[in-house]
Amino acid sequence: MRRMGIGLQLFTLRNETAQDFKGTLRKVAELGYEGVEFAGYGGVPAEEMKAPLDELGLKAIGDHVGLAALRSDLQKEIDYLKTIGAKYMICPYVMPEERTSADDWKRLFPFLQEVGEEARKQGLIFGYHNHAFEFEAEVDGQFVFDALYAASSPEAVQVELDVCWVQFAGQDPLAYIPKYAGRLPPLHLKDFSKDAEGKMQTLELGQGSVNLPGVIQAASDAGVEWLIVEQDHCQNPPLESVSNSLNWVKQNYLNQF
């Protein structure tokens, strides 16, 4: 088993960062997280964001950057990431109106390749973060998820696998992680159950149906660099939930190092 970094996707604490971004970063560092993945910057300039990260010894892993921002001002996004010392620029979502057909996806794939090539030229790594819908539609006989990576180069477009959404879509994370070994630097470590209507209910780690020990072992074998904790909706106060999840990681993974 390899030692991977433990990060937090700040979307989980979106209400807290909206009220006090820098104070929330301090609390995340105090809990013991080693890095953070941003979901936007709350209007904080890059130099002002870098200062508390440096002070706290909290690594900026990367940011989730929407398609609109990638299209409108890619250089601005690259410059911010470089200023705060982050490495990864991740496209997190495709709006439903932009994915109504296989042709929509075929038009999108070359754009993602171009973004990734430019990011690589400037020292960053570009990736794509999945939900369930990439496994619910096909392009030329492949799931959209697999078609995207077949249509792009590993140098330009890497994988940020969300194991929760993979499993929710009826696929096996333990099959998908090795399939993309070497192309999968950050992985979203999440847990969930389904409610009475079959909808996803994200949970603190160890409370749901994902085989998290198996995921961690597979991630280690696949060369993953960062395990990123995320909980879309928390049943407890979010800071309590991310603390509980980190405690699970400490007890079930970090305790062996």
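The analysis underlying the following values was restricted to heavy atoms, covering all of them including side chains, and did not include hydrogens, waters or symmetry mates. Counting from 1, the numbers follow the sequence of the chain as shown.
Geometrically, R99 engages F133 in a cation-pi contact, judged by NZ or CZ lying under 6.0 Å from the ring centre and within 45° of the ring axis.
Not counting sequence neighbours, the partners of S241 by the side chain to side chain donor-acceptor pair (under 3.5 Å) test are E204. Scanning for side chain to side chain donor-acceptor pair (under 3.5 Å) contacts around R2 gives an empty result, with sequence neighbours left out. In this structure, the side chain to side chain donor-acceptor pair (under 3.5 Å) partners of Y128, at least two apart in sequence or on a different chain, are E134.
Q256 contributes atom CD, which lies 5.0 Å from atom CE of M1 (distance to the nearest 0.5 angstrom). Separating the OG atom in S245 from the NZ atom in K250 is a distance of 12.0 Å, to the nearest 0.5 Å. Within the model, atoms CD of E30 and CG of L239 stand 10.0 Å from one another, a figure rounded to the nearest 0.5 Å. Rounded to the nearest 0.5 angstrom, K199 NZ and F168 CZ are separated by 9.5 Å. The line from CD1 of I125 to CE of M89 is 11.0 Å long, rounded to the nearest 0.5 Å. Interatomic distance, NZ of K194 versus CE of M200, reported as 8.5 Å (0.5 Å rounding).
Remark: side-chain polar atoms of Q142 are not paired, donor with acceptor, to backbone N or O of E138 under 3.5 angstrom. Listed for the Q9 side chain is a donor-acceptor partner under 3.5 Å among the backbone atoms of F11. Remark: side-chain polar atoms of S220 are not paired, donor with acceptor, to backbone N or O of I216 under 3.5 angstrom. No donor-acceptor distance shorter than 3.5 angstrom exists from the side chain of K106 to the backbone of S101, with no hydrogens or angles considered. Of the possible donor and acceptor atoms, one in the side chain of D191 sits under 3.5 Å from a partner among the backbone N and O of Q207. Remark: the backbone N or O of K190 is not paired with any side-chain donor or acceptor of E230 at under 3.5 angstrom. No side-chain donor-acceptor contact under 3.5 Å links T202 to the backbone of C234. The closest donor-acceptor contact from the side chain of D104 to the backbone of T100 lies under 3.5 Å.
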Mind running side-chain contact (heavy atoms from CB on, under 4.5 Å) on T12 and V229 for me, showing each step along the way? CA-CA 9 Å; T12 310; V229 174; over 6 Å; no

The test is side-chain contact (heavy atoms from CB on, under 4.5 Å); show your working for I6 and L189 and say whether it passes. CA-CA 10 Å; I6 307 300; L189 195 65; over 6 Å; no

Candidate pair L187 and M4, rule side-chain contact (heavy atoms from CB on, under 4.5 Å), full reasoning: CA-CA 10 Å; L187 179 142; M4 295 168 280; over 6 Å; no

side-chain contact (heavy atoms from CB on, under 4.5 Å), that's the test. Do L148 and N130 meet it? Break it down for me. CA-CA 11 Å; L148 162 60; N130 66 280; over 6 Å; no

Anything under 3.5 Å between a donor and an acceptor, one on a side chain of residues 69-76, the other on a protein residue two or more places apart or in another chain? List them.
unit_1, atom_1, unit_2, atom_2, d
R71, NH1, E98, OE1, 2.9
R71, NH1, E98, OE2, 3.3
R71, NH2, E98, OE1, 2.9
S72, OG, A68, O, 3.0
D73, OD1, K76, N, 3.2
Q75, OE1, Q122, NE2, 2.8
Q75, NE2, D79, OD1, 2.7
Q75, NE2, Q122, OE1, 2.9

Under 3.5 Å, sequence neighbours excluded: what are the donor-acceptor pairs made by side chains of residues 41-50?
unit_1, atom_1, unit_2, atom_2, d
Y41, OH, D63, OD2, 3.1
K50, NZ, D54, OD2, 2.6

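N252 places none of its side-chain heavy atoms less than 4.5 Å from the side chain of L205. No side-chain heavy atom of W165 sits under 4.5 Å from any side-chain heavy atom of H188. I90 has its side chain out of reach of V65: every pair of non-hydrogen atoms, C-beta onward, lies at least 4.5 Å apart. Side-chain contact between L10 and L25 is present, with at least one heavy-atom pair separated by less than 4.5 Å. Under the 4.5 Å side-chain criterion, counting only non-hydrogen atoms from C-beta, L161 is in contact with V166. Two residues are said to be in side-chain contact when any heavy atoms from C-beta on lie closer than 4.5 Å; V249 and Y33 fail this criterion.
Separation of the F145 and Y180 ring centroids falls under the 6.0 Å cut-off. Here the two rings, on Y176 and F135, have centers that are under 6.0 Å apart.
With no hydrogens or angles considered, no side-chain donor-acceptor pair links H131 and D162 at under 3.5 Å. Using modelled atom types, one finds no donor on one side chain facing an acceptor on the other under 3.5 Å when comparing Q19 with N15.
Annotation for T24 and E16: closest pair OG1-O, 3.2 Å, computed over non-hydrogen atoms. The two atoms that bring G5 and E34 nearest to each other are CA-OE1, 3.3 Å, heavy atoms only. Closest non-hydrogen pair, L203 versus S193, comes out as CD1-OG, 3.6 Å. The minimum heavy-atom distance linking G35 with L58 is given by the pair N-CD1, 3.9 Å. Closest approach of V224 and P185 over heavy atoms only: CG1-O, 3.4 Å. Residues A219 and L227 come closest through the heavy atom pair CB-CD2, 4.0 Å.
Clustering ILVMFWY residues whenever any of their side-chain heavy atoms sit less than 4.5 angstrom apart, transitively, puts Y80 in a cluster other than the one holding Y88. Linking Ile, Leu, Val, Met, Phe, Trp and Tyr residues whenever their side-chain heavy atoms come within less than 4.5 Å leaves L13 and I228 in two separate clusters. Residues V242 and V28 share a hydrophobic cluster, clusters being chains of Ile/Leu/Val/Met/Phe/Trp/Tyr side chains in contact below 4.5 Å. Under the 4.5 Å side-chain heavy-atom criterion for Ile, Leu, Val, Met, Phe, Trp and Tyr, L31 and L53 are members of the same hydrophobic cluster. Tracing side-chain contacts under 4.5 Å through hydrophobic residues (I, L, V, M, F, W, Y), one reaches F126 starting from V94; they form part of the same cluster.
The ring pair (Phe, Tyr, Trp, His ring centres under 6.0 Å) pairs that include a residue from residues 220-254 are Y253-F257, where partners are two or more places apart or lie in different chains.
Using a 4.0 Å cut-off between charged side-chain N and carboxylate O, E225 and K87 make a salt bridge.
None of Q113, K121, R120 except one satisfies the side-chain hydrogen bond (donor to acceptor under 3.5 Å, both in side chains) rule with E117; the exception is Q113.
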